[in-house]
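By convention in this document, chain letters (A, B, ...) are assigned in the order of the sequence lines, proteins followed by strands, and residues within each chain are numbered from 1.
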There are 2 protein chains.
Amino acid sequence: MDKQLKRMATMQRIQTTGLEIFYQKGYHNTSIDDILKELRLSKGAFYYHFQSKEEFFISIVQNLLFRKVYSSLIEPIEGEEDPLNKIAACFDNALETAEHNFLDYGFVLSNFITEFNGKNPDIMNYLQDILKVWEVNLVTALQKGKTDGYVNRHIDSEAVATYLISSYIGIRTLMVEGNGKMLRYKYIQQLRHYFKLIEHKEPA
Amino acid sequence: MDKQLKRMATMQRIQTTGLEIFYQKGYHNTSIDDILKELRLSKGAFYYHFQSKEEFFISIVQNLLFRKVYSSLIEPIEGEEDPLNKIAACFDNALETAEHNFLDYGFVLSNFITEFNGKNPDIMNYLQDILKVWEVNLVTALQKGKTDGYVNRHIDSEAVATYLISSYIGIRTLMVEGNGKMLRYKYIQQLRHYFKLIEHKEPA
DNA sequence: AGGGTAACAGACTTATAGGTCTGTTTATAG
DNA sequence: CTATAAACAGACCTATAAGTCTGTTACCCT
């Protein structure tokens with residue numbers, strides 16, 4: 001029974017550093033040997049646990065990426081009151097970790113989407129699924145915000161959700177250059193500015 | 001003298017279809033042979049005109065990408081009055097061509113930025129330069145809008161510009177899946193919504 | 001303790017892709 | 001018309017990377 005644990009442990013190890021290197025260098029630009037060299041493991045070990053590079057990547061998407069996106073960008077908003085402030089704080093928080101060159105999973109996601117778009121429909125589906133979960137959750141939060149009196153009832157929740165996701169993905173694409181702190185500040189500023197429009201206005 | 005023309009013509013041919021295929025399949029995932037096969041040309045022809053794959057790509061960025069981004073996203077706004085409406089119309093127009101699966105150069109740009117980030121600083125600089133020109137132009141247009149009475153004087157033009165670019169890049173990343181028409185509609189709707197905030201308010 | 005299997009090592013195979021090199025065509029100049 | 005160089009063809013070289021296969025180590029079970 002201990003072997004099961006060992007198996008899981010090494011698979012986790014390979015997947016974790018695999019995601020890191022895929023993120024840094026891109027999928028097509030990283031070889032299995034790159035990952036194995038970092039781990040001081042052999043080809044035999046890798047292909048004992050995974051069938052192929054593609055299957056390996058998909059396992060990363062499902063096991064790591066999905067859960068991380070969920071815990072960093074979805075869960076913090078779920079069920080909370082005052083969704084707009086929660087969303088702004090959550091985005092700000094995620095962008096802060098991104099500043100310090102840590103893995104920002106929302107961005108990793110869009111990164112891979114651009115890389116696999118039109119090339120691998122199979123992988124694309126898994127990636128798009130995560131986006132959909134994210135979007136659905138934002139819509140739900142906004143709708144709940146309406147009934148709780150935090151969000152203007154006349155806004156189109158779905159449109160706002162896609163607008164939020166797109167702006168987030170975009171700002172992260174721009175932040176690659178290094179002046180992240182300034183970009184983050186400007187972005188959050190405009191985001192909160194935008195939120196003023198869709199807040200619930202108390203009738204005078 | 002006619003040879004010069006022929007030289008330019010074939011170089012243009014290779015570059016044009018090169019950009020198309022690089023856009024479709026990504027830089028690392030397309031081989032020189034892919035491009036040459038499409039053109040029914042030989043390795044000899046290619047390496048007679050270009051030193052390497054990388055130098056070839058850079059020439060595409062400088063010759064094609066820069067000019068196309070300029071003509072599709074920068075020039076239409078330049079010097080116009082009522083910049084907000086101009087920007088919205090310009091973005092809407094660019095997104096419409098993107099719907100029909102044509103090359104949308106603003107997106108191609110961000111596409112390559114994500115692909116080369118952290119991998120090739122040399123190419124990254126050329127790509128970032130285009131972004132900077134875009135941003136500077138937006139800032140200029142917004143500032144001019146202030147003096148012309150179209151834009152609220154209290155807004156931070158630079159922050160708005162980065163916010164605009166990031167949202168545009170983001171929405172294009174999302175549009176890869178196919179439901180482009182709906183996404184475009186939602187995006188432009190929210191964009192115009194956002195613009196109401198930074199419009200010039202007539203004093204009552 | 002020892003047999004058996006899971007877990008891993010690493011040499012090998014094969015395909016692909018960037019780049020080279022030599023030969024051939026084409027076209028302009030004198 | 002011919003010499004000469006530009007423009008191109010395509011076989012070849014070489015490095016890399018995905019995947020295979022055989023051998024070896026480590027651990028569990030009886």
Side-chain angles (χ1 to χ4, degrees), chain A residues 1-61 63 112 115-116 118-120 122-123, chain B residues 1-61 63 112 115-116 118-120 122-123:
Chain A
M1 299 300 132
D2 204 29
K3 289 208 172 173
Q4 273 292 335
L5 287 178
K6 176 160 192 174
R7 181 183 175 83
M8 299 294 280
T10 52
M11 283 180 80
Q12 278 280 344
R13 274 184 68 210
I14 302 177
Q15 286 171 330
T16 305
T17 67
L19 176 58
E20 279 176 24
I21 301 182
F22 280 142
Y23 166 65
Q24 286 170 23
K25 306 179 54 172
Y27 177 83
H28 294 97
N29 200 34
T30 71
S31 64
I32 300 298
D33 283 318
D34 288 338
I35 300 166
L36 265 26
K37 192 180 174 186
E38 183 76 20
L39 291 164
R40 299 173 192 282
L41 270 174
S42 67
K43 275 265 174 73
F46 180 85
Y47 282 98
Y48 177 77
H49 292 290
F50 303 99
Q51 291 176 20
S52 67
K53 186 183 180 184
E54 182 170 326
E55 186 261 352
F56 169 61
F57 184 78
I58 293 174
S59 80
I60 289 179
V61 171
N63 284 286
F112 289 140
E115 183 165 2
F116 287 106
K119 295 146 213 168
N120 194 317
D122 199 15
I123 292 181
Chain B
M1 300 299 132
D2 204 31
K3 290 208 171 174
Q4 274 291 334
L5 285 179
K6 178 162 193 177
R7 179 182 177 84
M8 299 294 280
T10 53
M11 284 180 80
Q12 278 281 342
R13 274 185 66 211
I14 302 177
Q15 287 171 329
T16 304
T17 68
L19 177 58
E20 279 177 24
I21 301 182
F22 280 141
Y23 166 67
Q24 286 170 23
K25 305 180 53 171
Y27 176 83
H28 293 98
N29 200 33
T30 70
S31 65
I32 301 298
D33 283 318
D34 288 338
I35 302 166
L36 264 29
K37 192 180 175 186
E38 183 76 22
L39 291 164
R40 298 173 194 282
L41 269 174
S42 67
K43 275 265 175 73
F46 180 85
Y47 281 97
Y48 177 76
H49 291 291
F50 303 100
Q51 290 178 21
S52 67
K53 185 184 180 185
E54 182 170 327
E55 186 263 351
F56 170 61
F57 184 79
I58 292 174
S59 80
I60 288 179
V61 172
N63 284 285
F112 289 141
E115 184 166 1
F116 287 106
K119 296 147 211 166
N120 194 317
D122 198 16
I123 293 182

Whole angstrom value for the distance that separates [atom2] of [N] from [atom1] of [X]:
X: B/Phe57; N: C/dG18; atom1: CZ; atom2: P; result: 13 Å
X: B/Phe56; N: C/dA17; atom1: CZ; atom2: P; result: 16 Å
X: A/Leu39; N: C/dA9; atom1: CG; atom2: P; result: 10 Å
X: A/Asn29; N: D/dA18; atom1: CG; atom2: C1'; result: 15 Å
X: B/Lys6; N: D/dA5; atom1: NZ; atom2: P; result: 19 Å
X: A/Met11; N: C/dC8; atom1: CE; atom2: C1'; result: 15 Å
X: A/Ile32; N: C/dC12; atom1: CD1; atom2: P; result: 21 Å
X: B/Arg40; N: D/dG10; atom1: CZ; atom2: P; result: 12 Å

Does [N] have OP1 or OP2 sitting under 4.0 Å from an N or O in the side chain of [X]?
X: A/Tyr47; N: D/dG19; answer: yes
X: A/Tyr48; N: C/dA7; answer: yes
X: B/His49; N: D/dA6; answer: no
X: A/Thr10; N: C/dC8; answer: yes
X: A/Arg7; N: C/dA7; answer: yes

Problem set entry | Sugar-phosphate, base or nothing in reach of A/Lys53, heavy atoms under 4.0 Å | sugar-phosphate
With a 4.5 Å heavy-atom cut-off, do [X] and [Y] have their side chains touching?
X: B/Phe46; Y: B/Leu41; answer: no
X: A/Phe50; Y: A/Met11; answer: yes
X: B/Leu19; Y: B/Phe112; answer: yes

Seminar exercise, completed: Out of D/dA17, C/dG18, C/dA9, minimum distance to the side chain of B/Lys43 belongs to C/dG18
Seminar exercise, completed: Taking D/dA18, C/dG18, C/dC8 as options, the one with an atom nearest any side-chain atom of A/Ser31 is D/dA18
Exercise. When you look at CD of B/Gln51, are more than 12 heavy atoms from neighbouring residues, nucleotides or ligands closer to it than 6.0 Å?
Worked result: no
Problem set entry | Side-chain donor/acceptor of A/Lys43 to backbone N/O of A/Ile32, under 3.5 Å | no
